Each structure stands twice: as C-alpha cells, then as structure tokens.
Amino acid sequence: MSEGGSSGGERISAAEVIAALSLATDLSIGFDFEHGLRSTLVAVRLAERLDVDRETAAHSYYACLLQQVGCTADIHLRAKILGDTREVVKNHLMPVWFGEPREVIAALARSVAPDAALPIRAIHMARKVPQAARVMPRVDVACREVARMLIERLGLPASIGALFAYVDERWDGKGPTKAKGDGIPLAMRIAHVARDIDVQRVLGGADLAAAVVGERAGSALDPAIAARFVEEAEAILAIHDQVPVWNQTLACEPAPRVVLEHGEIDRALSAMGDFADLVCPFLAGHSAGVAKLASRAAEGCGFDEGEVTAVRRAALVQDVGRVAVPVPIWEKPGPLTAGEWERVRLHPYYTERVLSRSPFLAALAPVATAHHERLDGSGYHRGVRGGSLTPAARLLAAADAYQAMTEPRPHREAFPPERAAEVISEEARAGRLDADAVGAVLEAAGQQAPPIERPAGLTEREVEVVAQLARGLQTKEVAHALGISVKTADRHIQNAYRKIGVSTRAAVAVFAMEHGLTAWGELPIGSGAGRS
C-alpha cells in the first residue's frame, strides 16, 4: 500500500474499490442505492464542522463507507429466521435503524409473517424468537470479525479495522459490548450519526432527518454531533446535483489518499469476491476458484501478461451482484420459480452497476458481467451471441461453468471432475461454450497443484476441518464428513480458531477463501438438478 503519489506502475485509489463495495453493501442490505456514498459526504461535512484532527477525519470517511461491509457474514443464518433480509430492512427496519432496542424488536416482530392472521403470526413468532436469541448475537460477532478481515485486505491500516469492534455500539451503552459515550471512537460516532441522517433523509427529507437525529441525541447517537447536524442540517445535506455523488465522495477523501499497487489490487478485488460469496456457504471460494482456473487457462491460451491479469481480476469481481438477490433463492434446494429465476438472471446486471462508477473497475465489467452469456444467445443477462463475446469473456464463461459444476449447490451434489469435463464438453459441442476456451479450461483444471505450506501453521487435518466449516457444517457434521469423533472434530476446530485468531465460522470462511482452502470434498448434501 502506498499513500499519496508514487512513480509509475499500475495504481488505483483504494477509495474506488471501497466505494464500489459500499454500493454492493447497499444492495445486500436493502438500503437506497448510494446510501453509503451520501452518508460519507455527510460524515466528511460533520468532521469538518467538529474540527477533528486529520486521522479522525480519515477514519470517519472510511468507517462510514465501510460500515456495513461485514453484512454478508452468516447472512444465510439471518435469512433462516427473517426470510429475505433486504425486504425486512426496507419495509420494517429502516425507520428504527438507530432507534431504541424495543423499537427494533417491535419492527422485527412486525416482519414475521406480516400477511398472516394473528394466530398464525403468533405461532411463527414463538418459534423464531428463541432462534433469534440464540443465533443473532453470534452473527453480529461474525459481522464484526469479517469486517475487520476484509478491511485489512482492502489496503487500509489496522486502526480502521479496529474501529469495527464498535460498529454496533450506542452512545448510551445499550450496544453488544456496553461501550458507551467517549469510550466509542469519535470516528465511529460520526459515522453512526451520518448513516442515520441519510436513512431518515430518504424516508422523509431534511426535516425528518433533523427531527429524528435530534430525538436520538444522547441515546444511540452522540449528542454533540447530533446537535451540530440539527443546527446546520440544510448545509450539511446540500448535494451538488450537477456532480455525481460518486465523484463528490471520491473527491472528499482526506489526504494522504491510499493507493493500491500491483498485488495489492488483486488482494482488494479478492476481498470483494469473498464478500459476495459469503451470501451462501455453498458459494464459499467460488470467485477465487474461478479466478485461479481462468488465469491458468488464459496463460495456456497464450494471453499476454496484461490480459491474464484482466481475466483473473474480472473473475474475482464477477459475482459481486449476487448480493442483490435474496439469500433464500441461493439457498433453495428445489427448482426456482419463474420470478426467482429472473432475479438470479439479473445478478450480472447488478455487478455491472457496482463496477461501472470506477473507471478502473468499469474496464473489467465487459468480461466480468458476461460470465453467464453463451455463444448461441441462450445466456444472461443480455442474451448476446458469440460475435459480441471476446476471447476473454468466452474463457471466463467456460471457467465459471466448470468451477460451478465441481462445487455442490443446495439443489445438487458436486460433479466429479470427470463428469464436469463431460458436461462442459457437451456445452461446447452444442455451440453454447467456445470449444477452444473449454479445451484451455480443462487442460488448466487437469494440472496438479504443487505441494504448499499450510497458512497459520494449520495441520492437514485442520485444513480439512476449516474447509468443512467454510461450507457451513456444524461440529457433528464435520465429524461425520471426516469420519472422526465429535470430540476430535471439536479439538481441531478450536485449534484452527486459535491459530487463525478468530472465533466465528464466517471469519474462518473468509480465511479459507483468502488462502485457497475451500476445495470441495465429499459433503452430506442432497442431490438435484438445475441451476449451476
């Protein structure tokens, strides 16, 4: 990571990647698109009026942009209780996002079977409340841990990741760890106020934002920061309509600006891919797996170094739009309805929307968003034909198809490599995938991986355990899958947690994806047919 200017070479502002990821978090949670960007503009203006030091101003900026970056951690567990979490946020939680705990609980209660008769709702609530009490605290810990891990990979200093221990805290001490008042870093307190300001502005304009933030002063929100906003709400909320919010947000990044170079860029893009893959345990490591396979195949095809790099990076970010699709769809074990399938078909479109603002990322979009297109026009989301698909796009489509086949999904088991090779070859013979691209991918997939030293000092057995945890298996299931006792499995799990330095399955999943430990083994998953 470099800060400020440097000479020559490939470089991108870290804020470009981070702001794009902020757009993805808006899609994942159900917030208004560009909520994170607008909130960050507010945070910068609050920091200026509070006359904070340069470090606090920078921390406020990044903390606000990334405040929800851990939102995909264990989101499938939230979905088991709440259903489509995006709809729950949009229809019930938005007004009370920083409200009193009792308001949040009441909003969640209203979200349970909202269209059902009262007796049916009562039954649902009686079942879900104990589940929520058991699951949600651990999910919140996972979100904080994953946020810290992703932020480090985005090229930001550890001091910013450390702020996220306080991301769910409240001024009055009613948050998870009971941190309160000045015990919460000033940068995070500014980010909290800024986020609530934009939520309320979307719901009812500047007047509602000022009224609600004023009411929450001294409870969820720092009263001094809230008061400063109420005094100058109109000026703080002024948006220059002639300049895109994206441009305004990047322009106000505090100096010295963080710049990513060379391998740092790939590390940041892999963080984006892992953020998206976390939406479902079955997807863990998919983006990284496609990137590895596609780059090997590109080398085999004689692509030059720049082209190989572009294919690899396109693969890393190809599925960031997955987060816009409700989690229950990715987790569904049976056939999709027409409506569900249509939402799946749109995820490359959302990838394009996330990537298109950044000139650097936009250059990856034509290949990244074509990974489900087919030569005969039967693919999605555009349904273009072969003449419109570049060699890089054809290669990525073949690599994605093969990689997906070798991974299990809720509706089917993983294909053995030999069977995946047969199917992808059939796709080429049918004119849907490029035959040369398929040949290159299959050749790349047949290469034997060299022996590697395991990260964090993990043993071979602990690596196997980590791979199972990344897939969402519980201790008993890990024991069954590996043919060991529950006690032994638990010992390996605890050892792995200790060596990696985390305490949640979601954080282990991020570690496993980052270090390539998610190769699929034999898992106890039901069979099915359909989508990849």
Side-chain angles (χ1 to χ4, degrees), residues 1-3 14-15 17-19 21-22 25 36 39-40 43-44 46-47 50 52-74 98 137-195 220-222 225 253-260 264 267-268 270-272 274-275 278 456 497-511 514:
M1 175 183 69
S2 64
E3 295 185 351
V17 178
I18 292 165
L21 191 51
S22 177
T25 65
S39 299
T40 301
V44 168
L46 285 171
L50 294 166
V52 303
D53 60 82
R54 187 171 68 178
E55 181 181 61
T56 300
H59 284 191
S60 301
Y61 177 88
Y62 295 118
C64 200
L65 268 181
L66 291 166
Q67 191 169 134
Q68 301 300 330
V69 73
C71 65
T72 54
D74 280 343
F98 285 91
R138 291 294 295 169
V139 172
D140 291 339
V141 172
C143 291
R144 294 193 289 273
E145 289 189 343
V146 165
R148 174 179 54 80
M149 296 170 77
L150 293 179
I151 287 167
E152 180 183 351
R153 290 164 61 190
L154 291 168
L156 297 178
S159 56
I160 294 175
L163 294 173
F164 282 72
Y166 303 91
V167 70
D168 298 316
E169 300 306 327
R170 295 166 51 93
W171 174 264
D172 58 13
K174 295 180 181 179
T177 69
K178 310 304 180 187
K180 62 185 295 186
D182 293 337
I184 303 169
L186 176 57
M188 189 55 76
R189 299 191 326 253
I190 292 172
H192 285 161
V193 174
R195 283 280 184 159
L221 306 178
D222 182 320
I225 301 173
E253 179 188 10
R257 296 178 177 178
V258 180
V259 175
L260 304 177
E264 297 168 345
R267 193 165 187 238
S270 73
M272 288 185 70
D274 290 351
F275 164 83
L278 276 173
Y497 276 175
R498 177 178 53 78
K499 291 179 180 180
I500 296 170
V502 301
S503 65
T504 62
R505 187 214 61 83
V508 167
V510 171
F511 181 90
E514 181 180 4

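Values in this document were obtained by computation on a predicted structure and should not be read as measured data.
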Value rounded to 0.5 Å, distance of [atom1] in [X] from [atom2] in [Y]:
X	Y	atom1	atom2	value
Arg189	Leu221	CZ	CG	11.0 Å
Leu150	Thr72	CG	OG1	7.0 Å
Arg170	Ile184	CZ	CD1	9.5 Å
Thr177	Asp168	OG1	CG	9.0 Å
Phe164	Gln68	CZ	CD	8.5 Å
Leu156	Ile18	CG	CD1	4.0 Å

Looking at every non-hydrogen atom in both residues, tell me the closest pair between [X] and [Y] and how far apart they are.
X	Y	answer
Leu163	Ala63	CD1-CB, 4.0 Å
Ala506	Leu278	O-CD2, 4.3 Å
Leu65	Gly36	CD2-O, 4.1 Å
Ala58	Pro254	CA-CG, 3.6 Å
Ser159	His59	OG-NE2, 3.2 Å
Ala15	Glu253	CB-OE1, 3.4 Å

*Does a salt bridge link Asp74 with Arg505, judged by any charged N lying under 4.0 Å from a carboxylate O?*
yes
Main chain of [Y], side chain of [X]: is a donor-acceptor contact present, judged purely on distance under 3.5 Å?
X	Y	result
Glu145	Thr504	yes
His192	Val167	yes
Arg195	Cys64	yes

Side chains of [X] and [Y], heavy atoms from C-beta outward: is any pair under 4.5 Å?
X	Y	answer
Ile151	Arg148	no
Ile160	Pro157	yes
Lys180	Asp172	no
Thr56	Leu50	no
Leu154	Leu66	yes
Val146	Phe511	no

_Please determine whether side-chain contact (heavy atoms from CB on, under 4.5 Å) holds for the pair Arg267 and Glu152, giving the CA-CA distance in whole Å, both sets of side-chain angles, and the decisive distance to 0.1 Å._
CA-CA 10 Å; Arg267 193 165 187 238; Glu152 180 183 351; 4.0 Å; yes
*Go through the steps for Phe275 and Thr25 under the test side-chain contact (heavy atoms from CB on, under 4.5 Å), then give the verdict.*
CA-CA 9 Å; Phe275 164 83; Thr25 65; 3.7 Å; yes
*Neighbour count >12 (heavy atoms, 6.0 Å) for atom CZ, Phe98*: yes
*Any chance you could lay out the side-chain contact (heavy atoms from CB on, under 4.5 Å) test for Val502 and Val510, step after step, and finish with the verdict?*
CA-CA 10 Å; Val502 301; Val510 171; over 6 Å; no
*Please determine, by modelled atom types, if Arg153 and Ser270 share a side-chain donor-acceptor pair under 3.5 angstrom.*
yes
